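Okay, structure first, notes after.
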Amino acid sequence: MEVKDIKDTQLAQNPVIAQMMQNNHEQVVFCNDNATGLKAIIAIHNTILGPSLGGTRMWNYNNEMEALNDVLRLSRGMTFKSSVAGLNLGGGKAVIIGDSKKIKSEALLRRFGKFVDSLGGKYITAEDVAMSSRDMEIIHMETEHVSGLPENMGGSGDPSPVTAYGVYVSMKASAKETWGSDSLSGKKVLVQGIGHVGESLVEHLTKEGAKVYVNDISDERVKNAVTKYKAEAVAADKMFDLDIDIYAPCALGASVNDDTLGRLKCKIICGAANNQLADEKKHGEMVKQKGILYAPDFVVNAGGIINVYYELEGYNRERALAHAEKIYETTWNLFQLSKQENIPTYLAAIRLAEKRLESIARINAVL
Ligand code: NAD
């Protein structure tokens, strides 16, 4: 039943249930513990492909509705990300409400771990904003359903090199679509954010002979990239006016917006940051109109989830990297679909993800 059909019933007037129904979320769990100050929401969007997996984000939301909106949006995104990456994982996410610097404690994290455990494996957690691998170790004291553990605990460690490799191969597929060759040699690439993923990406690009420009709010990270990779530093107020071929957002989200799209001269946008389009529909269409090829973020940066997926069955980095290499083909395929159907690339990626979900749901129904 569609939400609009039951608008007048009491059920649909409940904003939580209405929102769950809007995007077909399976389950939303509200966690509260006065003793530790824990207030969290776990959202399971879809488990057709497998257990839902997605990080736990700690954030000082203004109110519970804001936290709910975030966790519902992020968990749905995880369903698409895992589906299009060909993983047997569903989409889930958790948010802990509060200032991590003020309220995070061992007791709070362990209490959260108990809530995760109560779901019996239907939700597997991992690191996200304001959560560290040490926090994952603490949550792991209460539940097995944690991924992204440190290597010395049998985990997969830092996923960033695998994520960066995925971004690199996706960029090559984007180059092939744009210029007919996937070589990045001589291409001018701006990498914004030289953190864990950004630095590893700069290394791949430098090895291939690209001309790399770097920007970061950390002077130290910029200096490191300039010294180590001979990259060229560019100031924040100049970077979007540069004459470049490729823009690689590897810092925060929403960097593709009205302002930057008015200035960017690149032919390709392909980077690791989540939620790069400030407004998915509006800016997804705008990049298309401007003749910029946008490689959808959740396809490009799937190396991270691919990496933790391989942790679940006994970690092997070679297999994780081999799977991440398939991001080349997926990127290429979605570009073809985007052209065939004359739809923006972000939509083509969602269609690919939905197609896999629908086909596997059909098999499940038969079995
Ligand atoms: P990170 O924190 O190691 O690096 C981010 C870098 O961006 C830092 O050096 C920071 O100083 C810089 N930065 C922050 N704001 C900036 C701004 N306004 N302008 C320029 N630089 C800025 O993070 P990371 O692990 O490298 O991840 C980068 C992005 O990719 C994030 O958006 C993350 O959510 C996304 N992502 C990462 C992974 C992964 O495996 N690490 C997987 C999927 C998605």
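For ligands, and for the atoms within them, numbers begin at 1 and follow the listed sequence. Because the structure is a prediction, the values reported are computed rather than measured.
One finds the NZ atom of K187 at 13.0 Å from the CG atom of L205 (value rounded to the nearest 0.5 Å).
For K207 and E203, the salt-bridge test passes: some basic side-chain N is under 4.0 Å from an acidic carboxylate O. At a threshold of 4.0 Å, the pair D33-K114 does not count as salt-bridged, since none of the basic side-chain nitrogens sits closer than that to a carboxylate oxygen.
Other members of a hydrophobic cluster containing I217 are absent, since no ILVMFWY side chain comes under 4.5 Å of it, directly or through relayed contacts. Through side-chain heavy atoms spaced under 4.5 Å, either directly or across other Ile, Leu, Val, Met, Phe, Trp or Tyr residues, L252 is tied to no other residue.
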Filter the ligand 1-protein atom pairs down to N or O on both sides and distance under 3.5 Å, then list them.
| from | atom 1 | to | atom 2 | distance (Å) |
| --- | --- | --- | --- | --- |
| ligand 1 | 3 (O) | H196 | N | 3.0 |
| ligand 1 | 3 (O) | H196 | ND1 | 2.6 |
| ligand 1 | 9 (O) | D216 | OD1 | 3.4 |
| ligand 1 | 9 (O) | D216 | OD2 | 2.7 |
| ligand 1 | 9 (O) | R221 | NH1 | 2.6 |
| ligand 1 | 11 (O) | D216 | OD1 | 2.6 |
| ligand 1 | 21 (N) | I217 | N | 3.4 |
| ligand 1 | 26 (O) | H196 | N | 3.1 |
| ligand 1 | 26 (O) | V197 | N | 2.8 |
| ligand 1 | 30 (O) | A272 | O | 3.3 |
| ligand 1 | 32 (O) | A251 | O | 2.7 |
| ligand 1 | 34 (O) | N274 | ND2 | 3.2 |
| ligand 1 | 40 (O) | T163 | OG1 | 2.6 |
| ligand 1 | 41 (N) | S160 | OG | 3.2 |

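For residues 95-104, the side-chain hydrogen bond (donor to acceptor under 3.5 Å, both in side chains) pairs, not counting sequence neighbours, are K104-D135.
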